[in-house]
Number of protein chains: 2
Amino acid sequence: MTVPHISRADRRRATEARILDSARELFAERGFDRTTIRAVAAVAGVDPALVMQYFRSKRELFTQAVQVSPALPADTDGDALVDQLIATLGLNLGGLPDGMLAMMRSMLTDPAAADHARATLDRQIGSIGAALPEVEDPELRAALVITTMVGVTIGHQLLGLEALRDAPADRIATLLRPAFKALTEPPH
Amino acid sequence: MTVPHISRADRRRATEARILDSARELFAERGFDRTTIRAVAAVAGVDPALVMQYFRSKRELFTQAVQVSPALPADTDGDALVDQLIATLGLNLGGLPDGMLAMMRSMLTDPAAADHARATLDRQIGSIGAALPEVEDPELRAALVITTMVGVTIGHQLLGLEALRDAPADRIATLLRPAFKALTEPPH
DNA sequence: GTCTATAAGAGGATAGAC
DNA sequence: GTCTATCCTCTTATAGAC
């Protein structure tokens, strides 16, 4: 009977992953400052010192925890774009990955998270702006679309505003569609 | 020659106001957690212990610092509303009062600030929703308008996104107007 | 009334035992 | 490799001197 090959390296990776998951969860819930190494360790069921052993600092742990690909919008052009934006928003409202929530949660109070967020959002804005070639100020329009999504997501996921909490995601998407169209359309 | 009547009470009020201003400034810049009593005292040019003497705790200082009336939209109805929203946004982009910025800066990481923000935003949503009697889901639409303004304000004032930083406020307002109209209009 | 001194506690990081 | 013990810093808050 073959022994299952759970090497030390495997165990280590498993533990590391568990720590990372716990960290993401707590960072998403409380932000960078209020999340302690001790709390992360407690949730992961390990010793606090082990967390420091694996990741070298709290900052490093955070950096790795929020390292999630933000799913850049594929470069379709024109009308399909609005559909795609709405789809992305629907996903967002359905539940953003913890890594992304952690970044959003911390971006207003932690400078490093702010840099990360700025870079990510600027990239998305550039990408969307490039898909709007027929209008004036494509980048500005793209920025307004993205910040709208950020605002709605914050209101829904991070603040839990009454009027948004109960609303079904597809109803929100339906209402936002014409707004996005208006933002991305040339004046008629 | 009349002696200027600067009573002890007057001096005290002046000092208190200076502390409050410094606090607002720092809370708006760094958020609740990263603002220290010591830093507030330093900026105000007083002793840290004095800050504690006047306000009883850091929390109390914060509460008083963010106590700004959020300028509820007057209850006009229908089309004037969009104009008013745009005007408010224009003001926001021109520079929100520090008290408001402090609240926004902290609302994602400090539960008390989150409660305050939720209450304020819910109130504004209710007020705007009440001014949209002819459409379905007026509260949801109002929430989307408000969260859009929050998102744009965050991108502009708190994150300083490239594409928004350079844009003149009235250009932003012009682009957002049709989006707000779309959000507040019944389907045609 | 204002400041000095310090208590009290939290939390990140480290060294070394096992 | 994992945990114990501890260090060190920072910060709020308080007590008491001047």
Side-chain angles (χ1 to χ4, degrees), chain A residues 5-66 102 105-106 109-113, chain B residues 5-66 102 105-106 109-113:
Chain A
H5 291 317
I6 302 179
S7 67
R8 244 183 290 273
D10 283 342
R11 283 197 76 76
R12 176 181 164 120
R13 261 192 320 234
T15 305
E16 204 172 306
R18 220 171 58 247
I19 293 174
L20 219 41
D21 282 345
S22 308
R24 253 191 289 270
E25 194 183 314
L26 287 175
F27 281 135
E29 247 173 51
R30 312 179 188 175
F32 182 82
D33 285 336
R34 301 225 172 160
T35 297
T36 67
I37 298 278
R38 287 164 160 83
V40 171
V43 171
V46 301
D47 191 274
L50 199 64
V51 177
M52 296 299 293
Q53 189 74 13
Y54 284 3
F55 308 85
R56 303 171 53 87
S57 67
K58 181 182 176 180
R59 177 62 58 188
E60 175 78 12
L61 176 61
F62 180 76
T63 305
Q64 292 205 27
V66 301
R105 174 80 70 188
S106 305
T109 40
D110 181 67
Chain B
H5 290 317
I6 303 182
S7 66
R8 243 183 291 271
D10 283 342
R11 283 198 77 75
R12 175 180 166 121
R13 261 196 316 241
T15 305
E16 202 171 308
R18 221 172 57 250
I19 293 174
L20 219 41
D21 281 345
S22 309
R24 254 191 288 271
E25 194 182 314
L26 288 174
F27 282 135
E29 247 173 50
R30 310 178 189 175
F32 181 81
D33 285 336
R34 301 224 172 162
T35 297
T36 66
I37 299 279
R38 286 163 161 79
V40 171
V43 171
V46 301
D47 191 275
L50 199 64
V51 178
M52 297 298 294
Q53 189 74 14
Y54 283 3
F55 307 85
R56 305 171 52 85
S57 67
K58 181 181 174 180
R59 176 63 58 188
E60 175 78 12
L61 176 61
F62 180 77
T63 304
Q64 292 205 28
V66 300
R105 175 78 72 188
S106 305
T109 40
D110 181 67

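Proteins get letters first, then strands, A, B, ... in listed order; numbering begins at 1 in each.
By the 4.5 Å heavy-atom criterion applied to side chains, A:F62 and A:S57 are not counted as neighbours. B:I19 is listed as a side-chain neighbour of B:F55, based on a closest heavy-atom distance under 4.5 Å.
Rounded to an integer number of Å, the gap from CZ of A:R59 to C1' of C:dG12 is 13 Å. One interatomic measurement links the two molecules: CZ of A:R12 to P of D:dG1, which rounds to 9 Å at whole-angstrom precision. Here C:dT14 presents its C1' atom at 13 Å from CD1 of A:I37, a figure rounded to the nearest Å. In this structure, B:D47 places its CG atom 18 Å from P of D:dG16, rounding to the nearest Å. In this structure, the CD atom of A:E16 is 15 Å from the C1' atom of D:dT2, given to the nearest Å. Atom C1' of nucleotide C:dA10 and atom NZ of A:K58 are separated by 11 Å, given to the nearest angstrom. Per the geometry, CG belonging to B:L61 stands 10 Å off P belonging to D:dA13, to the nearest Å. Atom CG of B:L50 is separated from atom P of D:dA13 by 15 Å (rounded to the nearest Å).
Remark on DNA chain D: of its neighbouring residues A:P48 and B:M52, the 5'-side contact belongs to A:P48, judged by nearest-heavy-atom nucleotide.
With hydrogens and angles disregarded, no donor-acceptor distance shorter than 3.5 Å links the side chain of A:K58 to the backbone of A:M52. In this structure, A:S106 contributes its side chain and A:A113 its backbone to no donor-acceptor pair below 3.5 Å. A donor-acceptor pair under 3.5 Å links the side-chain atoms of A:R18 to the main chain of A:A44, judged by distance alone.
Test A:R30, A:R59, A:R105 against A:D110 for salt bridge (charged side-chain N to carboxylate O under 4.0 Å, His left out) and you get one pass: A:R59.
Of the residues in residues 23-36 of chain B, those lying under 4.0 Å from DNA chain D by heavy-atom distance are B:T35, B:T36.
The side chain of B:Y54 places no N or O atom within less than 4.0 Å of a non-bridging phosphate oxygen (OP1 or OP2) of C:dG1.
The residue A:F55 sits apart from the nucleic acid: no heavy atom pair falls under 4.0 Å. In this structure, A:R38 reaches the bases: a heavy-atom distance under 4.0 Å links it to at least one base atom across the strands shown.
Note: B:F32 and B:F27 have parallel aromatic rings, judged against thresholds of 30 and 60 degrees for the angle between ring planes.
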